[in-house]
**Q** 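Mind having a look at this structure? Questions to follow.
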Amino acid sequence: MYIPNTEDWKKEELQQTLYQRETNLTYVRIVHELHLTKKPSPTKGEKEATIANTATKDGEEDEVQEDNYLDLDLSGGQIQIVEFYAPWCPHCQHFAPHYVKLANQTKHQAISQEITFNAISCTLYQEVCEYYEIEGYPTVFGWKEGTDFADMKKRGIMLNEEGEPNPISIGEDLGFDLAQDKVVYDRAESRFSNSEDQRQYLKDKIQRGINLAKEKVENFEYDFDINEIYHNAAASLCFLLKTAVFSSSRKGLTTYRKEVLHEFLQLVDWATPEAWDFKRIMVRDLLQNYEEVMSGGKTSLENFVLRYQKSTFKTGKRKEELLWGHLNEKPYRKRQKQLLNKSGLGAEHGKSKELTDAAVAKEHAGWTPQCTHYEPSTNAGYTCGLWNLFHILTVGATQKDNQFYGFHCGYFTSSKDVAATIRNFIAEFFRCEVCRSNFLKMYEGCGRDHCHRLDDTLPLDLEKPSKEISLWLFEVHNAVNERLLREWAERERRVFSSRERKDSKFPTPKQCKSCWLDDANEVWDPSAIVKFLERFYWPSTSQIHLRHLELDQHEASPLFQQALGFVLLPTLCIIFQFVKRYVKQVLRNPPTSKLE
């Protein structure tokens, strides 16, 4: 079967793959369009017969679906191994070079056995990964004729269930013989004929570590404004809603997962700035219509999100600052006049650029360089945007106005509840398997002492809300950054340097001089870190509109604002309820005139 060369692919397709960056693709076949076999659409008579035959006992009908599976050859005892991955998944990115080497070594050691290694992007071919019910990335399946896994229309045997596969484990799982090979790949002493070449090789390894650390610092210190942080957070949440909530078009959403997502959206509602149009309009609209949207399944949720992403923006030199995920800041107050119509959210009609729905949705679904770091992959900013969102939530959860609003809405607002909500959300909806399992292992083991630092008391002391939740996530994120760089060093079989450990920490000394108390970035000042996080992830007072009233910050003291919150708002609610009851009573018992 013809395998198209990556040179024949479209740019958009290349951006959703990992392996086109490899210099040696001899041993890994990249699955592309010609490998998808679509089940022929049934005729009208066949469809009616199928529906009749698949009717359930309760009279309900199963939806007739078109299957998309991999058409790979198993004849003659061939073995097909397929990696299902997502280009945004950090572990998939780290696993890619290992997978190429694994294919090389396995084919080298296999005795009279034809083995083909394949890789398929689940962002490019989401329907195929849904067909095989891929729940986490990367997932490696194997198929072989004459075994229980001989049908490409069914799931193969998982080859990385107990860790990264190797030639021996693959041979045992799929039942083929391997020749003994004493050559240990990737060891300098097996490659070079003299010590000088070997020393240069090791020196180059060390330099790669230094370059990685330097790149990390440059990414941290990238010059951007707060709008990019919020836009990337919105883009990531929308991407997750469209791709991870309903992991398969065949499966519905369990009651537990539905509750987990609902609680997370409630957290987004109360713990993010009111100035954020994305929260104020789309998230609240989803909460209001939650049961209706979720009952419609995967397509219903995708269409709901897409409707809001089809929004126009102002033209001009700064049009990128009017993407829908941005904050509603003073220079762009005209965005307060939102249009909830066919075109979705956008600027005024007279000052909008005419774009197709697809072009506008693409602009709003993408990530900015704050998260992509100019990587070509379409979804390179996904995990960064999620971290942005988690930091916004943990910082916002410590703001007294947000706590007051959340408490009166009946939401779970304690710091322990916030951490548990984020934990459950990651457990159910973040599909990088290794990343998810590492986070859950950390959390269940009371990582960063959260079980003692975070409490479950209600935030009644609004004058001094606890900041521990934002500090806890700061520590967790830095631990993840350090682990990823350390794993990269281990894969390259080199020592994880102190320079890499230091540069993996956020913020850098350049971003916050007072945050770190030592030269190694190991000891930090909690109060300085809290101030930095609030400055970095939370808009200034001048950028925030009060939820119920817009007050002049110079004329209204904090005490006066709090008094308004405790007195005026409840009073308005009581008056509203009284008027509502009175109107109902009048409608039920209209007054009658009496003649005397």
Side-chain angles (χ1 to χ4, degrees), residues 227 230-246 252-253 257-313 322-329 332-349 352 357-358 360-366 385-386 388-389 392-393 396 402 405-406 408-413 421 425 429 539 544-548 573 576:
N227 269 324
Y230 278 81
H231 172 77
N232 290 329
S236 289
L237 182 55
C238 286
F239 181 80
L240 183 145
L241 291 173
K242 291 188 293 184
T243 63
V245 173
F246 294 92
L253 196 63
R257 296 185 83 222
K258 188 186 296 184
E259 290 175 354
V260 167
L261 180 59
H262 192 257
E263 288 182 3
F264 186 80
L265 292 174
Q266 288 178 331
L267 176 60
V268 175
D269 178 30
W270 72 264
T272 59
E274 188 69 12
W276 199 17
D277 287 342
F278 169 75
K279 180 278 289 284
R280 191 163 50 87
I281 300 177
M282 198 202 93
V283 172
R284 285 182 180 166
D285 192 7
L286 180 55
L287 284 171
Q288 185 175 355
N289 301 280
Y290 190 73
E291 290 299 329
E292 178 184 351
V293 173
M294 293 302 165
S295 63
K298 180 181 178 66
T299 302
S300 174
L301 183 57
E302 285 180 349
N303 290 338
F304 179 89
V305 174
L306 188 60
R307 176 166 66 91
Y308 283 97
Q309 287 183 323
K310 291 177 179 177
S311 118
T312 56
F313 49 76
L322 291 178
L323 293 174
W324 74 307
H326 285 195
L327 288 169
N328 189 2
E329 296 186 45
Y332 310 111
R333 287 288 180 89
K334 289 182 179 180
R335 279 179 56 78
Q336 291 179 21
K337 301 176 181 178
Q338 300 298 344
L339 302 172
L340 294 178
N341 52 26
K342 182 178 178 181
S343 62
L345 305 179
E348 297 172 277
H349 278 299
S352 297
D357 285 347
V360 173
K362 183 178 179 181
E363 287 285 340
H364 293 317
L386 281 183
N388 283 352
L389 180 59
I392 292 169
L393 293 173
N402 292 60
Y405 170 75
H408 281 276
C409 285
Y411 295 155
F412 300 107
T413 56
T421 300
F425 179 75
F429 299 110
I544 301 176
H545 302 292
L546 294 181
R547 282 186 167 78
H548 306 284
C573 291
F576 175 76

**Q** So which atom in Asn388 and which in Ala233 form the shortest heavy-atom distance, rounded to 0.1 Å?
**A** CB-CB, 4.2 Å

**Q** Who are the side-chain contact (heavy atoms from CB on, under 4.5 Å) partners of Asn289, not counting sequence neighbours?
**A** Asp285, Glu292, Val293

**Q** For Asn232, check side-chain hydrogen bond (donor to acceptor under 3.5 Å, both in side chains) against everything at least two apart and list the hits.
**A** Thr368, Gln370

**Q** Is there side-chain contact between Arg307 and Met282, with heavy atoms separated by less than 4.5 Å?
**A** no

**Q** Do Trp270 and His408 come within less than 4.5 Å of each other through their side chains, counting heavy atoms only?
**A** no

**Q** Do Phe246 and Met294 pass the side-chain contact (heavy atoms from CB on, under 4.5 Å) test, and can you show the C-alpha distance, the side-chain angles, and the key distance before you say yes or no?
**A** CA-CA 9 Å; Phe246 294 92; Met294 293 302 165; 4.2 Å; yes

**Q** Looking at every heavy atom in both Lys242 and Lys298, which two are closest together, and how far apart are they?
**A** O-NZ, 3.4 Å

**Q** According to ring-ring contact (aromatic ring centres under 6.0 Å, His included), who are the partners of Phe429, at least two apart in sequence or on a separate chain?
**A** Phe425

**Q** Rounded to the nearest 0.5 Å, how far does CG of Leu265 lie from CZ of Arg284?
**A** 12.5 Å

**Q** Tell me whether Tyr230 contacts the main-chain N or O of Phe278 through its side chain, where contact means a donor paired with an acceptor under 3.5 Å.
**A** no

**Q** Phe239 versus Leu386: any side-chain heavy-atom pair under 4.5 Å?
**A** no

**Q** Any heavy-atom pair between the side chains of Leu389 and Phe264 that's under 4.5 Å?
**A** yes

**Q** Would you indicate whether the side-chain heavy atoms of Leu241 and Leu286 approach each other to under 4.5 Å?
**A** yes

**Q** Could you pull out the closest heavy-atom pair between Gly385 and Ser236, with the gap in Å?
**A** CA-OG, 3.1 Å

**Q** Which atoms form the tightest heavy-atom contact between Leu237 and Val268, and what is the distance?
**A** CD2-CG2, 4.5 Å

**Q** Please walk me through it: do Asp269 and Lys279 pass side-chain contact (heavy atoms from CB on, under 4.5 Å)?
**A** CA-CA 6 Å; Asp269 178 30; Lys279 180 278 289 284; 3.7 Å; yes

**Q** With sequence neighbours excluded, tell me which residues meet side-chain contact (heavy atoms from CB on, under 4.5 Å) with Gln266.
**A** His262, Glu263, Leu287, Tyr411

**Q** State the OG1-CG distance between Thr421 and Leu267, to the nearest 0.5 angstrom.
**A** 5.5 Å

